[in-house]
Amino acid sequence: MTSMSDERLDLELLGFLRLYAEELHEAPSAHDMAIHIAARQGSLGGRMSRLFARPAVRVAIVGLLLATAIGAAMAVGAWRASQVQNGLIALAPGVFMDPATGSYAADSPCAARCAEVMASDMILSGLTPSADGRQFALLDESGTVGTLQTGEAGPAIWRYDAGIDEFALVASCGPDPWDPQRPSHCERPFFSVDGRSLAYIERVQVALDRSDPRSWTWRLVVVDLRTGSSSRHEDLPGYPDQASFVADGRLMLSYRPVDADVFRNVLVDLRTGEVEEPVKHWSRAIASASPDGTWLAYVTYGRPVVRDGIWRPEDNVPEVWVARIDGSDLRRIFRGAPANAIEHPPIWSPDGKELAIMDIGILEIETGTVRPLLPGPLTAWLPAR
Amino acid sequence: MAVRQRSIAQDGARDALPRVALDADLESFVVEHYDRLIRLARLVCRDAVDASDAVQAGLEQAWRRRSSLRDVDRRRAWLDRIVVREAIHITRRRRTMVQRIFGLDQDVEWIEPTGEPTANVELQIALRSAFETLSAEQRAVVALHLYAGHSVAATADIVGAPVETVRSRLRLARERMRHALEEVLE
């Protein structure tokens, strides 16, 4: 069969289109339409639709809706943060202080299963609560949690859900490639501000000669707690004494550069690798980010005391400073008496209003008043149960 | 943000039309263009109610902006442009997300013509099925060029697309309609 010519096709189509266009059984008459249009010209609905038809009004409405959504999200975040109340301070394994009474606590900071773990002599150097206080991350180098959970002991990072009193394995940790005496190559687990990710540091051997400092390196492992997937980030600056996430998702690292006497505190964007140093004028200070990731605090010395050409740490005056994460609003909130160098990072209270600092005490940020802190290695300030 | 207008066709209560002072100029303006525009919109929308909505919205816009049109000779193309764009907009909005994802479309509605020979009925069914599978943009150029008689360049101006795009839409639409016709005529 030969193909139909364009002229014949167009003729057939025109006939069809005329028939099709006539199917107007539900359409109003022209007179009815005119009446309706006239009515809408003066009606509120008509005026509103003309108003909304203006691009500027549409942009304004979209902006208003966005601002409302952002405001609502911030209000919900602030409300949730305000729900977190300060609980016990973990001084050492099984040893807790009640900051309300200033004495040792007889109670455990968590429910039955957790209390059993907390009371054991496991190493609690890596105990960190999430910002909302609903979960803890802990590095269990002795395998205590594994023994209690499955009977299989081994160093691992665990997540404890305070709501359901359950531990969940985040990562098993093998022996340390750099120091065989250390049972785990993982350390310092910490949560993202939104509590959806958990990160930890992993030491990695890159050469056989352990005496060579270049034979090992470290990387950050970030685990998505919803999916269980993890990402590894290498070539990050220094080897951190302190690591935490801040509110905008960047990583804050405190590290001492090789052969340097002072710490550097930098913010690293893990997506771009961009490094920023928000506050540069401190010395000998390890900074800690607040639970909501918007402020940082550190201990430093106003002016290093040097006598006879020798730096005298016992004569230095410790000062505590806070600033917003971007370095703004930097202010000194405490100045102590001459003392030995204090290199412990401040530990923020779960509500973000106080700092617990070894050798100084419990410091209220707003007023600068200090309360006594009981002695101990001081590992974490846990939210109230 | 699209503002859904409450149209006369949706009201379904033509007996209860509002009592308003009907401007004679407005009435003559509507009457002059209504029949042509409602048929044009019907071809794009595939639905008489949607076509009424498109024409109502288009005529309202045109009435408000009538002073901006200096060249009266261009009034027809100007109105066609407003109504066809409104018809395309309404048709797009009618397609739900599910329809967009799975390619489902409205059921082909067929009103049996009376007194038509059987072969012609089959032909109409085939053409109708093919026409309703075209996109709103393709139906718009077919309606403007083949039905309303606008040139390809004028059609391109009305729908706000390059001439080559209009030619391409027409070619694709013709191929689909030709295929439907030839299947019946084989």
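As the structure is a computational prediction, the values presented were derived from the model and not from experiment. Lettering follows sequence order; numbering is per chain, from 1.
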- Message: Measuring only between side-chain heavy atoms, which start at C-beta, is Leu146(B) closer than 4.5 Å to Arg174(B)?
- Response: yes
- Honestly, the part of Leu17(A) sitting under 4.5 Å from a heavy atom of chain B is both
- Pairing residues for Ala62(B) by the side chain to side chain contact (heavy atoms under 4.5 Å, CB included) criterion, not counting sequence neighbours: Phe29(B), Trp78(B), Leu79(B), Ile82(B)
- Between Arg159(A) and Phe136(A), is a side-chain contact (heavy atoms from CB on, under 4.5 Å) present by the stated rule, with each step listed? CA-CA 6 Å; Arg159(A) 177 172 69 99; Phe136(A) 308 151; over 6 Å; no
- Message: Whether Asp80(B) and Arg36(B) form a salt bridge (side-chain N of Lys/Arg under 4.0 Å from carboxylate O of Asp/Glu) is what I want to check.
- Response: yes
- Message: I need the residue from Ile38(B), Val31(B), Val55(B), Leu40(B) with the largest number of non-hydrogen atom pairs under 4.5 Å to chain A.
- Response: Ile38(B)
- Message: I'd like to know if the side chain of Gln138(B) and the backbone of Ser135(B) have a donor-acceptor N/O pair within less than 3.5 Å.
- Response: yes
- Task: Let me know if Arg18(A) has heavy atoms under 4.5 Å from chain B in its side chain, its backbone, both or neither.
- Result: both
- Note on the structure: Against chain B, residues from residues 190-200 of chain A with at least one heavy atom under 4.5 Å, in numeric order, are none
- Query: Would you call Glu22(A) and Arg42(B) a salt bridge, taking side-chain N to carboxylate O under 4.0 Å as the test?
  - Reply: no
- Message: Could you check whether Asp6(A) pairs with Arg178(B) (Lys NZ or Arg NE/NH1/NH2 to Asp/Glu carboxylate O, under 4.0 Å)?
- Response: yes
